[in-house]
Colleague: 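Please read through the structure below; I'll follow up with questions.
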Amino acid sequence: MAVDEPLVLGIETSCDETGVGIVRGTTLLADAVASSVDTHARFGGVVPEIASRAHLEAMVPTIERALKEAGISARDLDGIAVTSGPGLAGALLVGVSAAKAYAYALGKPLYGVNHLASHICVDQLEHGPLPEPTMALLVSGGHSSLLLAPDITSDVRPLGATIDDAAGEAFDKIARVLNLGFPGGPVIDRLAKEGDPASIAFPRGLTGPRDAPYDFSFSGLKTSVARWIEAKRAAGEEVPVRDVAASFQEAVVDVLTRKAVRACKDEGVDHLMIGGGVAANSRLRALAQERCERAGIRLRVPRPGLCTDNGAMVAALGAEMVARNRRPSDLELSADSSLPVTEPHVPGADHGHTHGHGHSHDHDHVHEISKDNLYS
């Protein structure tokens with residue numbers, strides 16, 4: 001770990017986790033998370049207003065915890081990175097407002113970064129610098145995407161995405177039908193280990209010869225599973241929960257891994273990175289490893305704690321922005337709930353300044369901005 005590598009704090013509030021991470025280059029120094037998932041559980045899903053309030057309460061304590069864990073002062077930082085989108089608008093606003101306030105108060109450059117690009121970049125903290133280009137399969141509660149990233153800081157290309165329910169969303173909905181609670185992913189993964197994945201032939205969406213080669217669809221699968229369960233109950237029969245969990249999970253990960261390996265072959269990329277919350281799924285990891293080995297593709301998957309939403313991933317991308325001298329964002333930065341993945345970060349207007357790490361932020365244009373804009 002070189003001392004001259006950029007030291008960056010990252011803030012993530014796109015959904016129900018307040019994440020604050022600190023990295024130096026590609027080395028993780030702190031990863032503090034405050035989750036409000038238990039508060040949402042009784043509603044069967046994330047309630048945006050509750051998430052926003054939880055972020056407000058957790059923000060300062062979580063930042064202080066991360067700084068203490070890293071053993072640094074906020075003044076030591078070379079930059080502040082924050083998820084500016086995509087995500088829940090109100091939740092994003094809390095993180096963006098906090099990041100702008102810290103950047104302004106400390107005189108540090110601000111980087112509004114993309115949530116999905118951050119999920120790719122986090123792998124650097126575990127397996128070293130990303131290959132270029134990187135092929136990434138991102139699977140979470142809100143996204144199922146196949147992305148090709150020649151440069152994670154400036155060039156991310158979508159090859160395919162979900163056209164309806166994301167993979168994680170399908171897990172949550174089937175868990176609800178089975179009365180397994182929220183979130184659904186971990187409990188289905190656990191029960192599936194005791195079930196037979198070949199016991200029920202659930203459909204594989206968008207795998208026909210004329211279908212979009214890299215797009216995903218899990219809505220039909222979700223409906224098929226729900227109707228199968230309802231038919232069992234209507235007939236007065238016991239639902240084999242473990243077999244349903246295993247067969248449903250197999251249908252999801254079969255399609256995800258099959259399309260990801262196909263994309264690697266078609267694009268001539270010899271490795272695959274898998275990220276996002278569903279990347280913590282044990283069967284997805286096992287099947288991906290099996291299919292990648294067979295195809296001569298190297299698999300990179302961060303440890304489960306780095307797959308779910310966290311501040312470390314935002315800090316990792318922020319550090320890469322600083323290292324590559326990308327233009328910082330302005331203090332007018334706003335949250336963008338539908339920020340496209342083709343925009344890895346939101347650069348500000350070019351004020352003619354160069355922001356290399358290790359130098360204090362130039363305040364010439366900062367003083368022209370009203371402090372009221374910190375909360376816009």
Side-chain angles (χ1 to χ4, degrees), residues 10 12 14-19 21 28 31-38 40-41 45-46 83 87 115-127 134-147 162 165-176 178 180-195 197 216 218 242 245-246 248-257 259-260 271-292 299-317:
E12 155 61 27
S14 66
C15 194
D16 59 341
E17 267 127 3
T18 308
L28 179 60
D31 183 20
V33 178
S35 177
S36 60
V37 67
D38 291 343
H40 303 283
V46 177
T83 300
H115 180 78
L116 299 181
S118 297
H119 267 305
I120 300 174
C121 201
V122 74
D123 192 56
Q124 294 199 149
L125 303 180
E126 188 149 359
H127 299 119
T134 286
M135 180 69 73
L137 171 66
L138 296 187
V139 276
S140 68
H143 307 277
S144 299
S145 307
L146 263 172
L147 306 168
T162 183
D165 290 359
E169 189 179 0
F171 272 90
D172 288 338
K173 288 180 177 177
I174 294 307
R176 195 175 304 144
L178 290 170
L180 297 176
F182 174 87
V187 65
I188 286 180
D189 189 9
R190 189 172 67 250
L191 290 171
K193 290 186 175 78
E194 302 168 16
F216 303 100
F218 297 109
R242 288 165 176 77
F248 160 72
Q249 177 174 272
E250 194 70 16
V252 173
V253 303
D254 177 24
V255 173
L256 289 171
T257 56
K259 295 201 171 203
H271 66 276
L272 172 67
M273 181 268 165
I274 303 182
V278 182
N281 180 276
S282 64
R283 181 57 185 153
L284 174 60
R285 288 170 171 254
L287 189 56
Q289 186 67 52
E290 180 185 314
R291 287 183 166 169
C292 282
L299 181 65
R300 292 171 59 124
V301 191
R303 62 183 180 272
L306 292 180
C307 290
T308 50
D309 292 349
N310 58 78
M313 68 187 201
V314 179
L317 184 52

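For reference, positions follow the sequence shown, starting with 1.
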Colleague: Between Val314 and His115, does the side-chain contact (heavy atoms from CB on, under 4.5 Å) criterion hold? Intermediate values first, please.
Modeller: CA-CA 7 Å; Val314 179; His115 180 78; over 6 Å; no
Colleague: Is it true that Arg283 and Asp254 have a side-chain N and a carboxylate O under 4.0 angstrom from each other?
Modeller: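 Asp254 and Arg283: not salt-bridged.
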Colleague: Identify the two heavy atoms, one from Ala315 and one from Gly10, that lie closest to each other, and give their separation to 0.1 Å.
Modeller: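 Residues Ala315 and Gly10, closest heavy atoms: CB-N, 3.5 Å.
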Colleague: Any idea which heavy atoms bring Gly195 and Ala246 closest together, and the distance?
Modeller: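 What the structure gives for the nearest pair is C-CB, 3.7 Å.
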Colleague: Measure the shortest side-chain to side-chain distance between His119 and Pro302 over non-hydrogen atoms and say whether it is less than 4.5 angstrom.
Modeller: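 No. Closest side-chain heavy atoms not under 4.5 Å.
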Colleague: Closer than 4.0 angstrom, basic N to acidic O: yes or no for Arg176 and Asp172?
Modeller: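 Not counted as a salt bridge, because no side-chain N and carboxylate O are separated by less than 4.0 Å.
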Colleague: Quick one: closest heavy-atom pair of Ala192 and Gln249, and the distance?
Modeller: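 Nearest heavy atoms, Ala192 then Gln249: CB-NE2, 3.4 Å.
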Colleague: Going from CG on Asp31 to CG on Leu125, what distance comes out if it is rounded to the nearest 0.5 angstrom?
Modeller: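 Here the interatomic distance stands at 8.5 Å.
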Colleague: Determine, stepwise, if the pair Leu287 / Leu256 fulfils side-chain contact (heavy atoms from CB on, under 4.5 Å).
Modeller: CA-CA 10 Å; Leu287 189 56; Leu256 289 171; over 6 Å; no
Colleague: Looking at every heavy atom in both Cys307 and Arg285, which two are closest together, and how far apart are they?
Modeller: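 Answer, listing the atom of Cys307 first, then Arg285: SG-NH2, 3.5 Å.
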Colleague: Quick one: does Phe171's side chain get under 4.5 Å of Val187's, heavy atoms only?
Modeller: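 Phe171 vs Val187: side chains apart.
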Colleague: Check whether any side-chain heavy atom of Ile120 lies under 4.5 Å from a side-chain heavy atom of Met313, and answer yes or no.
Modeller: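 They are not in contact (no side-chain heavy atoms under 4.5 Å apart), so the answer is no.
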Colleague: How many angstroms lie between atom CG of Leu317 and atom OG1 of Thr83, to the nearest 0.5 angstrom?
Modeller: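 Reported to 0.5 Å precision, the distance equals 9.0 Å.
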Colleague: Can you check whether Glu290 reaches Thr257 side chain to side chain, under 4.5 Å on heavy atoms?
Modeller: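 Result no, sub-4.5 Å side-chain heavy-atom pair not found.
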Colleague: Taking all heavy atoms of Ala166 and all of Gly142, pick out the closest pair and write down the distance.
Modeller: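 What the structure gives for the nearest pair is CB-C, 3.5 Å.
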Colleague: State, yes or no, whether a side-chain contact exists between Asn310 and Glu17 at a heavy-atom distance under 4.5 Å.
Modeller: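 No, too far: nothing below the 4.5 Å cut-off.
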Colleague: Can you check whether Ile174 reaches Phe218 side chain to side chain, under 4.5 Å on heavy atoms?
Modeller: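 Not in contact.
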Colleague: Ignoring hydrogens and angles, tell me if any N or O in the side chain of Ser144 forms a donor-acceptor pair with the backbone of Thr162 under 3.5 Å.
Modeller: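 Side chain of Ser144 to backbone of Thr162: no pair is present.
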Colleague: Sequence neighbours excluded, which residues qualify as side-chain hydrogen bond (donor to acceptor under 3.5 Å, both in side chains) partners of Arg300?
Modeller: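 side-chain hydrogen bond (donor to acceptor under 3.5 Å, both in side chains) list for Arg300, sorted by chain: Asp123.
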Colleague: Quick one: CG on Leu180 to CZ on Arg190, what's the gap to the nearest 0.5 Å?
Modeller: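 Nearest 0.5 Å value for the CG-CZ distance: 8.5 Å.
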Colleague: Where the side chain of Arg242 meets the backbone of Lys193, is there a donor-acceptor pair that is under 3.5 Å apart?
Modeller: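 Such a contact is absent between Arg242 side chain and Lys193 backbone.
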Colleague: For the CG atom of Leu138 and the CG atom of Leu147, what is their distance to the nearest 0.5 Å?
Modeller: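 The distance works out to 5.0 Å.
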Colleague: How about Leu284 and Val301: do any of their side-chain heavy atoms sit closer than 4.5 Å?
Modeller: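 Not in contact.
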Colleague: Taking side chain as C-beta onward, heavy atoms only, is Val139 less than 4.5 Å from Phe216?
Modeller: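 Val139 does not reach Phe216 side chain to side chain.
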Colleague: Using 0.5 Å steps for rounding, measure from the CG atom of Leu146 to the NZ atom of Lys259.
Modeller: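 Separation between the atoms: 8.5 Å.
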Colleague: Hey, is the main chain of Arg303 close enough, under 3.5 Å, to the side chain of Glu126 for a donor-acceptor pair?
Modeller: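 Yes: the side chain of Glu126 pairs with the backbone of Arg303.
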Colleague: From Leu306 CG over to Gln124 CD, what is the distance, rounded to the nearest 0.5 angstrom?
Modeller: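 Result: 12.5 Å between the selected atoms.
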Colleague: Nearest heavy-atom pair of Ala312 and Val122: which atoms, and what distance?
Modeller: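 Where Ala312 meets Val122 most closely, the heavy atoms are C-CG2, 4.5 Å.
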Colleague: Okay, side chain of Asp189, backbone of Ser282: is any donor-acceptor separation there less than 3.5 Å?
Modeller: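 Side chain of Asp189 to backbone of Ser282: a pair is present.
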